[in-house]
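Some notes on the structure that comes next.
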There are 2 protein chains.
Amino acid sequence: MSTQKGKRSGVDIIQVARRAEVSPATVSRVTNGRSTVARHLAKRVWKAIEELGYTPNPQARALVSGRSRVLGLLVSEITNPFFPELMQSFEDLAGAHDFEVMVGSTNYNLERARVFIRRLVQRRVEGVAVMTFRAESHLLDELIAHNIPLVTIDVSADGARSVVLEVDYALGIDQAVQHLALLGHRRIGFASGPMPHLTNVRRRDAFVQSAHKIGLPSQSAPVFVGEHTFEGGTQAALHFLDSKAPPTAIVCSNDMMAVGVLRVMSERGIKVPRDMSVVGFDDIHLAEFVNPPLTSVRMSRQDLAQAAFRGLEKLWSAGDEKSLQPIRVGTSLVVRQSTDAPKEALAALGRRSRMQDKLAIR
Amino acid sequence: MSTQKGKRSGVDIIQVARRAEVSPATVSRVTNGRSTVARHLAKRVWKAIEELGYTPNPQARALVSGRSRVLGLLVSEITNPFFPELMQSFEDLAGAHDFEVMVGSTNYNLERARVFIRRLVQRRVEGVAVMTFRAESHLLDELIAHNIPLVTIDVSADGARSVVLEVDYALGIDQAVQHLALLGHRRIGFASGPMPHLTNVRRRDAFVQSAHKIGLPSQSAPVFVGEHTFEGGTQAALHFLDSKAPPTAIVCSNDMMAVGVLRVMSERGIKVPRDMSVVGFDDIHLAEFVNPPLTSVRMSRQDLAQAAFRGLEKLWSAGDEKSLQPIRVGTSLVVRQSTDAPKEALAALGRRSRMQDKLAIR
DNA sequence: TATATTCGAGAAATCGATTTCTCGCAATGG
DNA sequence: CCATTGCGAGAAATCGATTTCTCGAATATA
C-alpha cells in the first residue's frame, strides 16, 4: 500500500527521458533551456515532465553544477521588527530567482554568530548578506577564507569578494532638516555619536550640510558629540538646554539617544513636541512606542533587501574582480508625533493666519 | 591567482582518505560514526580532517542518503512578533540536529502559501511544521501527496503522516479565570468565536469548566457567541453591558474581540481595568500596545517549537504508521494592565485591609 | 559532386559523498 | 589441526542530475 518500499519516491530524469523517448541529456537541456533542442522533442519532454510531475532534484543539481542555490542572511536581532520585514523581502527576491535563504540572527552574541556562519560555510552558500550594521571583529573571516561573495553595510570586509551597501544617510537627514525648517525651526541641534565610527561621521556631515543648505549659520546648528546610548542622549539634551540659545529641535544620530533626550524633556517638564521637537535615527522598534512616538529616519527594508540581492548578483557576474562599486541605499523620514512647529513659530503662524483671514475677507 | 581556477574550492573525502592513508569508505564511516573503525585509523582520519579543514558536502550526502536535512516552517505572518520568536526557537533546535529550515509566511495569502509549499516539495524537505492555526483549504495536499511528515496545530490533516499539536487551551484559560476570581470577580462573561471552528469550541468549553471549577453558577458565567473580529468584540461588550447583571470581567476567545471590547468601554466611559477587567487570547502583537495593555492567554513559542520538532522526530522513527498520539502544548496567562479587582471587591478589600491593619497593630 | 562546417542529440564521464559487496585475516569450535 | 564464523577495511556501485565528448546528418562552400 501507499508508496512502494525500497524505491525512492521521486520521479527522476531517466524516467522522463524514457517516456519522452529521448536521452536524459536532452531532458536536462530542455529544463535548463541552455542548448537548443528541436521543437518537437522539447514538446515531448515538457509533456512527459508534466505527466510525471517531475521536478529536478536540487541536491543532485547542486552537486554537479557546484552551485547550491542557497544564500545566507545574517541579521542582528530577529525581535526587532525591522529584520523580519527585511528577511521577507530578501527571501521573496531570492525565491523568485530559485534561491533558498538561511537566516540567522546573532542576538549580539558573537559565539552564536560564529556557529551560524560555520553552518553557512558547510552548506556551501553562494553568497551572504550581512545586515548587522556592525563589522563584528573577524566574524566574517571564515566566509572570506572560503571566498564567498559578501554584501555588507557601510564598511567593506578586507580581502573579500564583497559589495558594500552605502547607506545614503543624507537623504533622510535632509528630509528631517527640511521638515523641521518647514515647521518653522531656525535653531536645530544635532546629537552625534562617537566619531571613530564612520557611520557617525557620515550622519554628522549630512546634518551639517543640510543645515547649511537651508541657510542656517553654523552657530544655529550646533553639534554635540556623545555616546550612542541613552546616557549620550541625556547629556546632549542637557548640553543644548543649558546653552545660551537653546535649539527648538534636536536631531539625534540614533534612536537611543533620542529616547534619552525625551527623558530629559519629560523630567524638565518640557513638552514634546510643543516646546521641543525631537528626531531619531534608525527607527528601531522602540521608536514607535515611546511617548510621544518618535519621528525618525529609517531606510526601507525593501530597498535594502533589493540592494543586497543585486550586490550578490553583481559579485557572481564579476568573476575574480574584487573591488566593486558600492550600491547606494536611500533613507527617508518617518514622521510621527515628536515633531511640530516651535512655539514662537506657532505664534508667528497665528499672526500670519489672522492676516490671511483679513485678506480673505477683503 | 588566489584560488586555482577550474578546481573546486572544497576539500573532498578522497583527499582526506589519501592523507590518512585509508579508503574513502573508512573516512565516511568515521565521520558518521556508524560502523566500527579501528582506533588508530580513526585517529589518523580525524587528524587529516582537522588539518585539511574538511566538511562533508551536504548535497552529495543528501543525494546518496536520500535525506536533505532541510525542514519547512510555515507561519502566517512574519510581522506578528509571535512568529519570529517561534522561528528562532525552531531553527535553533533544528540547527542543533543538523537541519536547516526553510521559513515561509503566508501573510494570509493562499497563492503565496502555495508557491512556498511547492518550493518545500522541490527541495525535498524531510518534514514541515505548519504553524498557521488555520487548516487552509487543501493547502497541504501537495505535501501529503509526497508523504512528507507534517506537524499541525489542533486539526489533523487527513491521510497525512502527521502529528497534531493539541493546544491545551484549558491551562491558560484556567489561569485567567483563577486570576480574575482571586481579584474578586464573581461574574465573568466569555466572548466566544464562532462555533463551527473546533478551536473555539475548545476555548469555550475550557472557560465553562473553569467557571464551574471556581463555583460560578452558569448564569454568572454567561457566554456570548460572535465573530472572531473587532466587531464581534463590540457586539459582545454591548450584549454584556446591557444584560441585567453585567459581568465585572470579560474573557475573550481572541485578542481582536478583546480590542473591540476595550473600544466599547472607552466609548462608554467605562474605565478598564477599574470598572471592567478584560482578558484576551492569543497575545497578538497588538495586545501589548493597546490602552491599557491587554492581559492575554498565550502559548510559549519555545514550547511550541519544541513540540513541533519532537513531533517530526516521532514521525521519522514511526515508519509507515500514520496516526500518532497528539502532543499537548500548554498555554499560560500573560498579565498586563487590563485586569484588576472590581470596584465592589476593592471596597471590600479596603475594609478587609483596614481590618488587617488593626490586627497588625494589636 | 565532393568536401568542410555546423548543429543537434545520444553516450559517457563527473560531482562527492554513502553503502553494499567482497575479501583476507584472526578467532573460535569441533 | 582444519573448517567455520566474524569482523574490519578496501573496491565498487549508487544517488540524480549536468556537462563534455562523440558522432552522424544536414547544410554550406568550392
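No hydrogens, no waters, no symmetry mates; every other heavy atom, side chains included, goes into these values. Every chain is numbered from 1, with letters handed out A, B, ... down the list of sequences. Note that this is a predicted model, so its numbers are computed, not measured.
Taking atom CG of B:Leu63 as the reference point, atom C1' of C:dA17 lies 8 Å away to the nearest angstrom. In this structure, the CD1 atom of B:Ile14 is 12 Å from the C1' atom of D:dA11, given to the nearest Å. Taking atom CD on A:Gln59 and atom P on C:dT14, their separation rounds to 23 Å, with Å as the unit. For A:Asn32 and D:dG16, the CG to P distance is 17 Å, given to the nearest whole Å. Regarding A:Arg18, its CZ atom lies at a distance of 14 Å from the P atom of C:dG10, rounded to whole Å. C:dT18 atom P lies 12 Å from atom CZ of B:Arg69, rounded to whole Å. B:Arg61 has its CZ atom 21 Å from the P atom of D:dA17, to the nearest Å. Note: CZ (B:Arg123) to P (D:dG16) measures 17 Å, nearest angstrom.
With distances taken from any side-chain atom of B:Ala25 to the nucleotides D:dG10, C:dG16, D:dT19, the minimum falls on D:dG10.
When each of A:Glu126, A:Arg123, A:Arg61 is paired with A:Ser68, the side-chain contact (heavy atoms from CB on, under 4.5 Å) condition holds for A:Glu126 and for no other.
Taking the nucleotide of DNA chain D with the nearest heavy atom to each of B:Arg124 and B:Pro24, the more 5' of the two is matched to B:Pro24.
From B:Leu71, atom CG reaches atom CD1 of B:Ile148 across 11.0 Å, with rounding to the nearest 0.5 Å. Here the CD1 atom belonging to B:Ile327 is positioned 10.0 Å from the CD atom belonging to B:Gln325, to the nearest 0.5 angstrom.
A:Asn57 has no side-chain polar atom (N or O) that falls below the 4.0 Å cut-off from OP1 or OP2 of D:dC15. Within the 4.0 Å cut-off from OP1 or OP2 of D:dT19, at least one side-chain nitrogen or oxygen of A:Arg67 is found. Within the 4.0 Å cut-off from OP1 or OP2 of C:dA17, at least one side-chain nitrogen or oxygen of B:Tyr54 is found.
Counting only N and O atoms by type, the side chains of B:Thr55 and A:Arg124 include a donor and acceptor under 3.5 Å apart. For B:Thr79 and A:Glu85, the side-chain atoms include no donor-acceptor pair closer than 3.5 Å. In this model, no donor atom of one side chain and acceptor atom of the other lie less than 3.5 Å apart for B:Ser89 and B:Gln306.
Between A:Arg328 and A:Glu166 there is a salt bridge, since a side-chain N of the basic residue sits under 4.0 Å from a carboxylate O of the acidic one.
A donor-acceptor pair under 3.5 Å links the side-chain atoms of A:Ser317 to the main chain of A:Glu313, judged by distance alone.
B:Leu140 and B:Thr152 make their closest contact through CD1-CG2, 4.2 Å (heavy atoms, listed as atom of the first residue, atom of the second, distance).
Defining each end axis of the helix from C:dT1-D:dA30 to C:dG30-D:dC1 as the rotation carrying four pairs' C1' atoms onto the next four, with five pairs an end, the two axes are found to diverge by 50° to 10 degrees.
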Enumerate the protein-to-nucleotides 5-9 of chain C contacts in which both atoms are nitrogen or oxygen and the separation is below 3.5 Å.
from	atom 1	to	atom 2	distance (Å)
C:dG8	OP1	A:Thr36	OG1	3.2
C:dG8	OP2	A:Thr36	OG1	2.7
C:dA9	OP1	A:Ala38	N	3.2
C:dA9	OP2	A:Ala38	N	3.0

